[in-house]
Amino acid sequence: MNTQQQDQSSKSEKTAGRKRLSILGSTGSIGTQTLQVVDEFPDEFDVVSLSCAGNTELLAQQAQKYSPDTVCIMDPEKAREFEKEYGKRLGIEVLTGEDGLVSAASEGCDTVLTAVSGMIGLRPTLAAADNGIEIALANKETLVAGGSLVTEAVRKSGSRLLPVDSEHSAIFQSLYGNRPEDVRRIIITASGGPFRTFSKEQLEQVTPAQALKHPNWDMGAKITIDSSTLMNKGLEVIEAKWLFGLDPDQIDVIVHPESVIHSMVEYNDHSVIAQLGLPDMTLPIQIALFYPNRMSNTRPSLDFAKLRSVTFEEPDRERFPALAYAEEALRTGGTMPAILNAANEAAVPKFLAGELRYPEIASTVRRVMDSFSGEIVREPSLSDILEASEEAKRRALA
Ligand code: NDP
Ligand code: MG
C-alpha cells in the first residue's frame, strides 16, 4: 500500500458512524466556529471538505488538523500553490473555482454547512439540494437570491434545510412541536447595530472603521456592515419567508438591543414562544448539526438576574431604509430580491474602499431597484437569477 492509499484507507475507517461534513467558507467567522463545534464533539464528525476564497495560510492549518478529502480554494493561482505544497503530502484533492465549490458541496458528504459570504453560495447550495445532501445554511444571500429554487430542490430530493442564522434558528426552535398552520406571525429581533441612536446627520459621517465594530457579535466584514445598515435584517426577513414558507405580512421585525431573545413565533391563540440565549453562534451551529438532538456543551447559562431587563423598540425605516427596501423587494418578488442583494453586495465593498459614503450603500440599492422596474422576471430560473444579479451589480458599480 502506498502512502496515499494508506491515507485513503485511514480516512474511510475514520468516517464509520460519523457525519461527513463539508464546510464552505471554513476560514471565516462561521466556518471557524463550526470547527470549534466539531472540536467539542470529536467523535461525531468527519470533516471531508474545507474551503476558502484565498486565505490558504489558515486553510493549510485546518487541512493538517482535520485531514479532509478535498479542499476548495476559489483563487486558481493559490489553489495551484496549495496543491504543490500540500496536495500529495496530505493526500488531499485540491479543487478550485465555483465548480470546485459545487463538488465540495455535493459529493462525498452527508451535510454541507454553507458559510461563504455572498451569493457565490447559490450554485453549490442548489447542487447539494439536488443531491439530497443536508444543508446547514448560514449563507443567507443564497436564499435571498434563489429561495424559490433552493426550497423546491430540497422538496424534490427530500434533503433538509436547517438554519444557522441565529434568528432563524430561534424561530426553528420555537416551532418545534407546533403545526405550521397555527403560526400567526414571526417576530425577528434586531440588535439595531452600532448606529441605532445616530441621527441622519451623524449617519452621513460614518466611516468603515466605525461600521466594522458590532456591539454584540464578532462577524465577517460584509455581514457586519449589513447589520449596521439593517440590510442584514432585511435579508433575514426574505430568508425567513423561504425557510418557513410565510407570507410577507407574517414577518415582523423588532429592535432588541440586548440580543438575548433571538426571535419569536406568535401563534393563532396569541401565545408567543421565544428562544433565548447568550449571543454565541456556536449554539445555532450546534443545533443545526445535531438536529433533532440537543447536546450538552460547555457554554455558560444565561444569568437572568445579571441581565435585569430586556428592551424593545420599532426599527426606524427612515434612518435605516435598507430594511424597508428589502421588505419591498420581498413583496415585489421574482428577481427583485436577487437584484436588491446583488446591488448591496456591490455597494458594501465600495463603501469599505472609501468610494461610497455610508448612506450611499442604501441609496445605491434604491437606484438599482428602481432601474429594474418593468424588468422583473416573475418565476425566475437559475439563469434569470444569475443574469439579474450580474446586471444589478453592473448598474450598482456604474
Ligand atoms: P466571513 O467573511 O468571516 O467568512 C467568509 C468565508 O467564505 C471565508 O472562509 C472566505 O474565505 C469564504 N469566501 C468568501 N468569498 C468567497 C468566494 N467568492 N468563494 C469562496 N469562498 C469565499 O463571513 P461570515 O462567516 O461572517 O459569514 C458567512 C455567511 O454566514 C454570510 O452569508 C453571513 O451573512 C452568514 N452569517 C454570519 C453570521 C456571523 O455571525 N458571522 C451570523 C449569521 C449568518 P477567505 O477567508 O479566504 O476570504
Ligand atoms: Mg442573524
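In each ligand, atom 1 is the first atom listed, and ligand 1 is the first ligand listed.
Looking at Asp165 and Glu236, their side chains come closer than 4.5 Å, going by heavy atoms from C-beta outward. Residues Ile73 and Cys52 form a side-chain contact, since some pair of their non-hydrogen atoms from C-beta on lies under 4.5 Å apart.
Under 4.0 angstrom from ligand 1, the non-hydrogen atoms of Met74 all belong to its side chain. Residue contacts with ligand 1 for Met281 involve side-chain atoms from C-beta outward but no N, CA, C or O (heavy atoms, distance under 4.0 Å). By the criterion of a heavy-atom distance under 4.0 Å, the backbone of Ser26, and not its side chain, is placed next to ligand 1.
If you number the atoms of ligand 1 from 1 as listed, the ones under 4.0 Å from a heavy atom of Ala138 come out as 30 (O), 32 (O), 35 (C), 36 (N), 44 (C). Contact atoms of ligand 1 toward Thr27: 8 (C), 9 (O), 10 (C), 11 (O), 45 (P), 46 (O), 47 (O) (distance under 4.0 Å to a heavy atom of the residue).
Exactly one of Val38, Asp43, Val37 qualifies for a side chain to side chain contact (heavy atoms under 4.5 Å, CB included) with Phe41. That residue is Val37.
The option with the heavy atom closest to atom 36 (N) of ligand 1, from among Leu101, Leu235, Ile223, is Ile223. When Ala115, Ser227, Gly25 are checked for heavy-atom proximity to atom 5 (C) of ligand 1, Ala115 turns out nearest. Of the candidates Gly220, Gly121, Gly100, Pro284, it is Gly220 that places a heavy atom closest to atom 24 (P) of ligand 1. Of the listed residues (Ile30, Ile73, Val116, Leu50), the one carrying the non-hydrogen atom nearest atom 29 (C) of ligand 1 is Val116. Between His168, Glu141, Glu239, it is Glu141 that holds the heavy atom closest to atom 32 (O) of ligand 1.
Arg319 forms no cation-pi arrangement with Phe198, by the criterion of a distance under 6.0 Å to the ring centre and an angle within 45° of the ring axis. Annotation: cation-pi pair Arg160/Tyr291 absent, no NZ/CZ under 6.0 Å from the ring centroid and within 45° of its normal.
With a 6.0 Å radius and a threshold of 12 heavy atoms from other residues, nucleotides or ligands, Arg308 has its CZ atom at or below the threshold. Summarising the local packing, CG of Asp39 is surrounded by more than 12 heavy atoms from other residues, nucleotides or ligands at distances under 6.0 Å.
Closest approach between the Mg ion (ligand 2) and any N/O/S atom of Glu167 involves OE1. The Mg ion (ligand 2) lies closest to atom OD1 when only the N/O/S atoms of Asp165 are considered. Atom OE2 is the N, O or S atom of Glu236 at the shortest distance from the Mg ion (ligand 2).
Gln275 and Gln173 make their closest contact through CG-OE1, 3.6 Å (heavy atoms, listed as atom of the first residue, atom of the second, distance).
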Between Arg185 and Asp247, is a salt bridge (charged side-chain N to carboxylate O under 4.0 Å, His left out) present by the stated rule, with each step listed? CA-CA 9 Å; Arg185 61 172 178 147; Asp247 290 333; over 6 Å; no
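Taking only nitrogen or oxygen atoms, main chain and side chain alike, Asn55 reaches within less than 3.5 Å of ligand 1. Residue Ala221 has no N or O atom closer than 3.5 Å to an N or O atom of ligand 1.
Tyr176 and Phe172 have perpendicular rings, their planes meeting at more than 60° on a 0 to 90° scale where under 30° would count as parallel.
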